[in-house]
Amino acid sequence: MINRPKGTKDVLPSDVYKWQYVEKVAKECLRLRGFEEIRTPTFESTELFVRGVGEGSDIVNKEMYTFLDKGERSLTLKPEGTASIVRAIIENGLDNGAMPLKLFTLTPCFRYERPQTGRFREHYQFSIETFGSSSPLMEVEVIGAIKSVLDALGFSNYIININSIGCKECRKKYVDVLKKYYYKHLDEVCEDCKVRYEKNALRLLDCKNEGCQKLKEGAPKPREYLCDDCKKHFDELLKLLDASKIRYRINDNLVRGIDYYSRTVFEFLTEEKGALNVVCGGGRYDGLVEELGGKPIPSVGVGLGIEHLLMLLEKNSIELPKPVNLDLYIATTSLNESLKAVELARELRALGVATEIDTMERSLKAQMKYADKKEAKCVIILGEDEINTKSVTLKFMQSKKEYKVNIDTHQNLQKLAEIIKNN
RNA sequence: GUGGGUGUGGCACAGUUGGUUAGCGCGCCAGGUUGUGGCCCUGGAGGUCGUGGGUUCGACUCCCACCACUCACCCCA
């Protein structure tokens with residue numbers, strides 16, 4: 001027995017409609033705001049992520065699916081979506097086009113980590129990426145866009161947390177101060193924090209260990225060390241959010257795990273434990289395009305995990321609308337009848353009626369049961385009488401309403417299709 | 001990478017002082033009026049009890065190892 005690889009998931013027919021619905025809603029929300037879709041490869045040169053995501057990050061250090069292809073090229077399955085999009089922009093010269101660029105994408109992401117609730121080795125990320133604006137208006141645009149998706153799905157059980165970690169310059173100063181503060185207490189701090197101190201000191205701020213909380217409380221915060229420009233940017237952003245009636249909470253301990261963020265970082269947080277507590281997260285990454293070899297173009301983006309979102313919707317008892325998959329089932333009990341059914345089905349499908357016919361040569365009872373299981377909207381039994389009189393009884397499974405309909409002319413078939421659609 | 005939990009037909013489970021044909025529910029297939037579903041009844045298919053060793057006259061039940069899944073941590077969507 002071959003099983004699915006660890007950390008992957010089968011989306012079964014009974015659940016696919018949820019994915020389709022979320023995708024449809026998300027794409028429509030973004031389209032309404034002038035965003036365009038972009039699609040990039042599933043794998044990229046390893047170098048792209050090493051430079052984009054950051055050499056110091058855990059994603060690059062221990063979580064990437066990296067392999068050599070037969071031409072000895074080092075490739076990596078996307079661990080996140082942003083670097084790939086930035087590469088595509090530079091490579092295709094979109095950075096020379098109209099600004100701002102407002103893009104969205106839906107892409108699988110791969111990270112080699114131990115799976116747990118809401119966390120997989122392959123997951124789908126819906127992300128929004130914008131380029132060209134250094135104004136806080138763009139943060140509001142991006143936050144507003146992803147919020148509109150959640151609104152449209154009826155999900156509001158989150159709090160927007162926001163913070164500024166400063167630009168390269170003021171962050172460097174801040175990290176020095178932070179390390180100086182922690183230096184004296186390194187023996188009191190948990191093992192993880194010791195590692196953080198060395199590798200990524202900013203992350204000291206989101207340690208959840210009980211013993212570290214008190215020290216964390218007293219630690220200096222990024223906002224206290226912002227340069228004038230960064231401070232102004234953040235203040236304006238808050239004003240704009242207020243004016244947009246977007247509710248948020250400043251969280252001085254909010255930092256993010258990917259190196260490319262600058263100034264604004266934000267997360268939509270829920271009450272859930274563990275990985276599920278983040279609905280989506282993002283921020284500004286002004287240096288990334290240049291870092292990857294393009295022009296110095298400022299950027300803001302956000303990513304949302306589809307599996308996360310679906311689990312959260314379920315936990316919040318939010319039901320997504322289930323479409324009618326099958327409009328009509330045509331039952332037959334002989335090969336001759338089946339031949340006629342094939343013909344009738346072809347014409348009705350051309351009229352947009354989702355139609356299924358028997359392919360098992362089963363009894364009428366078995367076929368009715370099957371139509372019931374498949375939640376067919378209605379059924380026609382096509383027997384010798386019907387074929388001879390060119391007239392069928394259309395039965396609606398739920399209401400049990402029945403209609404006598406002639407199937408002799410194309411016009412009558414159109415009528416039949418109308419009846420199915422309108423009931 | 002670290003720590004905990006669990007592993008019995010497609011799914012959810014019962015099955016312990018170890019005893020000989022391994023059970024139930026749902027699902028699936030067929031039949032119960034030869035042209036009609038959802039309820040009910042009957043029958044059927046389907047399991048080397050995660051895998052490999054060990055203890056024993058005998059193991060789904062005890063021991064060991066491995067594997068898988070799962071939850072939490074690190075990290076992250």
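From a predicted model like this one, the values you see are computed outputs, not experimental measurements. As a basis for the values below, the full set of heavy atoms in this structure was taken, side chains included, without hydrogen atoms, waters or symmetry mates. Protein chains get the first letters and strands the later ones, always in sequence-line order, with residue 1 at the start of each.
- The 5' end of RNA chain B is approached more closely, in terms of each residue's nearest nucleotide, by A:D385 than by the other of A:D385 and A:V279.
- Nearest to the side-chain atoms of A:R362 among the listed nucleotides B:C29, B:C75, B:A77 stands B:C29.
- With P as the reference atom, B:G3 and B:U17 are 34 Å apart, rounded to whole Å.
- At least one cation-pi condition fails for A:R284 and A:Y261: the charged atom is not both under 6.0 angstrom from the six-membered ring centre and inside a 45 degree cone around its axis.
- Using C1' as the reference atom, B:C71 and B:G9 are 27 Å apart when rounded to the nearest Å.
- Between A:Q116 and B:A72 there is a side-chain N or O to OP1 or OP2 distance below 4.0 Å.
- At whole-Å resolution of the value, CZ in A:R4 and P in B:C67 are 19 Å apart.
- Position along RNA chain B of the nearest nucleotide to A:P5 versus A:T393 favours A:T393 as the more 5'-ward residue.
- Remark: A:R111 is not positioned above the aromatic ring of A:Y65, lacking an NZ or CZ atom under 6.0 angstrom from the ring centre and at most 45 degrees off the axis.
- You won't find any donor-acceptor pair under 3.5 Å spanning the side chain of A:K400 and the base of B:G37, going by distance alone.
- Taking every side-chain heavy atom of A:R256 into account, B:A77 is the closest of B:G37, B:G3, B:A77.
- Geometrically, A:K102 engages A:F35 in a cation-pi contact defined by less than 6.0 Å to the ring centre and at most 45° from the axis.
- The side chain of A:D372 has B:G38 as its nearest neighbour among B:G38, B:A77, B:U36.
- Rounded to a whole angstrom, the distance from the P atom of B:A65 to that of B:C57 is 24 Å.
- Counting only heavy atoms from C-beta on, A:K395 has its side chain closest to B:G37 among B:A77, B:G37, B:G35.
- Distances shorter than 4.0 Å separate some side-chain N or O of A:K6 from OP1 or OP2 on B:C69.
- Regarding contacts with the backbone of B:C28, a side-chain N or O of A:K373 is found under 4.0 angstrom from either OP1 or OP2.
- No donor-acceptor distance shorter than 3.5 angstrom exists from the side chain of A:N316 to the backbone of A:I318, with no hydrogens or angles considered.
- Geometrically, A:K147 does not engage A:F268 in a cation-pi contact defined by less than 6.0 Å to the ring centre and at most 45° from the axis.
- The side chain of A:D192 lies closest to B:C73 when the candidates are B:G38, B:C73, B:A77.
- The phosphate of B:U70 has neither OP1 nor OP2 within less than 4.0 Å of any side-chain N or O from A:T117.
- Spacing of P atoms, B:U6 relative to B:U61, comes out at 15 Å, to the nearest Å.
- With both ends at atom P, the span from B:C69 to B:G58 equals 34 Å, rounded to whole Å.
- Rounded to an integer number of Å, the gap from A:Y329 OH to B:G37 P is 14 Å.
- Counting only N and O atoms by type, the side chains of A:T393 and A:E402 include no donor and acceptor under 3.5 Å apart.
- The side chain of A:E113 approaches B:C75 more closely than any other nucleotide in the set B:A30, B:C75, B:G1.
- Nearest to the side-chain atoms of A:K369 among the listed nucleotides B:G38, B:A77, B:C75 stands B:G38.
- Counting to the nearest Å, the C1' atom of B:C39 and the NZ atom of A:K365 are 11 Å from each other.
- Taking only side-chain nitrogens and oxygens, A:R196 comes nearer than 4.0 Å to OP1 or OP2 of B:C75.
- With both ends at atom C1', the span from B:G15 to B:G23 equals 7 Å, rounded to whole Å.
- For the C1' atom pair drawn from B:U16 and B:A59, the interatomic distance equals 12 Å after rounding to whole Å.
- When the P atom is used for both B:C63 and B:C11, the distance is 27 Å, rounded to whole Å.
- With rounding to whole Å, A:N277 atom CG is found 11 Å from B:A72 atom P.
- Here A:E386 lies in heavy-atom contact (under 4.0 Å) with a base.
- Across all strands shown, A:F120 has heavy atoms under 4.0 Å from base atoms, whether or not it also approaches the sugar-phosphate.
- Using a 4.0 Å cut-off, no side-chain N or O of A:R114 falls inside it from OP1 or OP2 of B:G3.
- With A:S45 contributing its side chain and A:L48 its backbone, the two residues share no donor-acceptor pair below 3.5 Å.
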